[in-house]
Participant: 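Got a structure for you, written out below as structure tokens; questions coming shortly.
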Amino acid sequence: MEEKLKKKKKPRGKALLIQGKCIACGAKCQAACPTDAVEMSESGEPIFEDAKCIGCRKCIKVCPADAIEIIFPPGEAAIPSEIESESLSDEEETELKKGGVDVLAWKGVWVFVEQTDGVAHSVSWELLGVGRTLAQDLGVELSAFILGSNIKALADEAFGYGAEKVYLMDDPILSHYRTEPYLHGSISLIRKCKPEIVLMGATGLGRDLAGAVATELNTGLTADCTGLTIDKKMRLLEQTRPAFGGNIMATILTETARPQMASVRPHVMSKQDFMPGRKGETIIEPFTLPEREVTTKVLEVINLVSESSVDISAANIIVSGGRGMLNADNFKLLQNLADLLGGVVGCSRSAVDAGWISPDRQVGQTGKTVKPKLYIACGISGAIQHLVGMQNADYIIAINKDKTAPIFEVAHLGIVGDVFQIVPVIIEQLKERGAKSMVCE
Ligand SMILES: Cc1cc2nc3c(=O)[nH]c(=O)nc-3n(C[C@H](O)[C@H](O)[C@H](O)COP(=O)(O)OP(=O)(O)OC[C@H]3O[C@@H](n4cnc5c(N)ncnc54)[C@H](O)[C@@H]3O)c2cc1C
């Protein structure tokens with residue numbers, strides 16, 4: 001009787017190599033195995049020891065060739081179909097609840113819509129673009145949350161960019177950004193509604209707020225992500241970003257805390273097309289922190305952006321120079337080309353470090369992320385720290401005298417040669433043919 005009442009133990013199965021699929025990647029499965037159940041053969045293929053394998057599937061997740069499957073010993077084989085609808089095993093469920101947080105109670109993808117004077121930062125709409133994919137993969141709602149004063153009109157914009165729900169906190173105290181009131185508003189919303197994922201722009205404001213929110217909620221935050229995907233089985237956000245000085249790409253998980261928080265720089269993700277007239281549900285939430293409890297006061301707002309400064313991250317055409325330009329004077333050549341094309345001049349960090357050009361023109365990990373229609377890289381080798389800032393450009397032309405330069409791996413058109421011979425010829429041709437007629441809008 002007691003036996004009957006016992007919960008049926010879910011079978012885990014055993015890992016098995018699918019013959020002919022292993023690519024001998026370097027023992028990733030062995031490294032991932034928590035029970036030392038994997039030995040490597042001389043040819044670099046795994047041999048699984050059934051007695052030790054607990055069917056945790058970690059080897060399957062890391063296998064780059066989908067070369068491992070789970071098999072069920074006779075007797076267990078009938079059980080999987082009965083429990084097929086259950087998405088998580090007991091152990092996986094326990095794992096998700098460890099750390100004292102019932103992560104399964106958190107649902108939905110939220111995007112913070114950053115605004116200044118009622119105008120949204122475009123990174124918010126880019127985040128709704130990637131947020132839509134994440135929400136679809138999880139089968140949950142995509143929501144936006146907006147804090148500010150007189151910001152109701154932004155809700156319609158958020159619906160147009162894909163939000164299904166918009167949470168609004170509209171209060172004069174929120175008219176200028178200050179950490180305390182924005183933190184108070186954000187965490188009260190997040191604690192109440194429990195979204196499993198919260199995305200923010202990696203802007204000055206977003207970096208400040210995201211860090212404060214994550215600290216207050218005692219959760220993880222991955223800053224400056226370049227990729228966001230979902231591990232559907234474990235319902236985890238896979239947050240990819242450059243690590244160790246950009247030499248590797250790390251995928252980071254927030255396994256035992258909620259929400260999973262990530263920030264993304266402007267121009268890294270793509271916006272969805274705006275759908276005018278699209279509607280959703282607006283939820284107005286009260287803001288409860290009185291002004292007297294806010295320790296910072298805004299006395300004056302001074303806009304430091306001078307008229308002569310150029311926002312390379314918004315440019316459609318960028319002509320960028322690196323160490324191969326040899327000196328500051330040679331950047332005039334790139335300025336000529338950029339002027340003819342109606343673009344701006346960018347650069348690598350080496351050019352900034354050499355003092356040839358100002359830091360606001362730097363493209364890359366510690367500079368700006370750009371997504372122009374055309375990016376022309378002149379005398380730039382293509383270090384990973386540079387590539388992460390420009391590889392999403394629609395069309396990349398690279399000019400480099402070293403045919404093995406990594407920039408050619410991301411270039412759509414590679415020109416192996418001397419930049420001082422090639423750029424003047426391009427300029428001459430553009431002048432002859434009429435540059436404007438050659439450049440697509
Ligand atoms: C934490 C960290 C963050 C970083 N952040 C950034 C960043 O944001 N942005 C960034 O750019 N870098 C960044 N870097 C630096 C990065 O690692 C590289 O050192 C840098 O991008 C190299 O710049 P470069 O390509 O101009 O110079 P180099 O690597 O020296 O390449 C110069 C290239 O010019 C070519 N060349 C030379 N003469 C000519 C010629 N006459 N005609 C054609 N080609 C020629 C050469 O073949 C060579 O490929 C960062 C590094 C670290 C550690």
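Every value quoted in this text rests on a predicted model; they were computed, and no experiment measured them. Each residue takes its place number in the sequence, starting with 1. Atoms within a ligand are numbered from 1 in the order they appear, just like the ligands themselves.
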Participant: Side chains of Ser320 and Tyr375: do they bring a donor and an acceptor to under 3.5 Å?
Facilitator: yes
Participant: Looking at Trp125 and Ala120, what are the two nearest heavy atoms and their distance?
Facilitator: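 Looking at all heavy atoms of both residues, the shortest contact is CZ2-CB, 3.3 Å.
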Participant: Could you tell me if Glu114 and Ser124 have a donor-acceptor pair between their side chains, going purely by distance under 3.5 Å?
Facilitator: no
Participant: Using a distance-only test with no angle check, is there a side-chain donor-acceptor pair under 3.5 angstrom linking Asn336 and Asp339?
Facilitator: no
Participant: Testing the 3.5 Å rule here: is there a donor-acceptor pair between the side chains of Thr240 and Thr251?
Facilitator: yes
Participant: Give every residue pair that meets the ring-ring contact (aromatic ring centres under 6.0 Å, His included) criterion with at least one member in residues 171-207, sequence neighbours excluded.
Facilitator: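 Passing the test, one end in residues 171-207: Tyr177-Tyr182, His184-Phe287.
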Participant: Can you pull the residues with any heavy atom under 4.0 Å from ligand 1?
Facilitator: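 Under the 4.0 Å cut-off, ligand 1 touches Gly245, Gly322, Arg323, Gly324, Ser348, Arg349, Ser350, Gln362, Val363, Gly364, Gln365, Thr366, Gly367, Gly379, Ile380, Ser381, Ala383, Gln385, His386, Asn400, Lys401, Asp402, Gly417, Asp418, Val419, Phe420.
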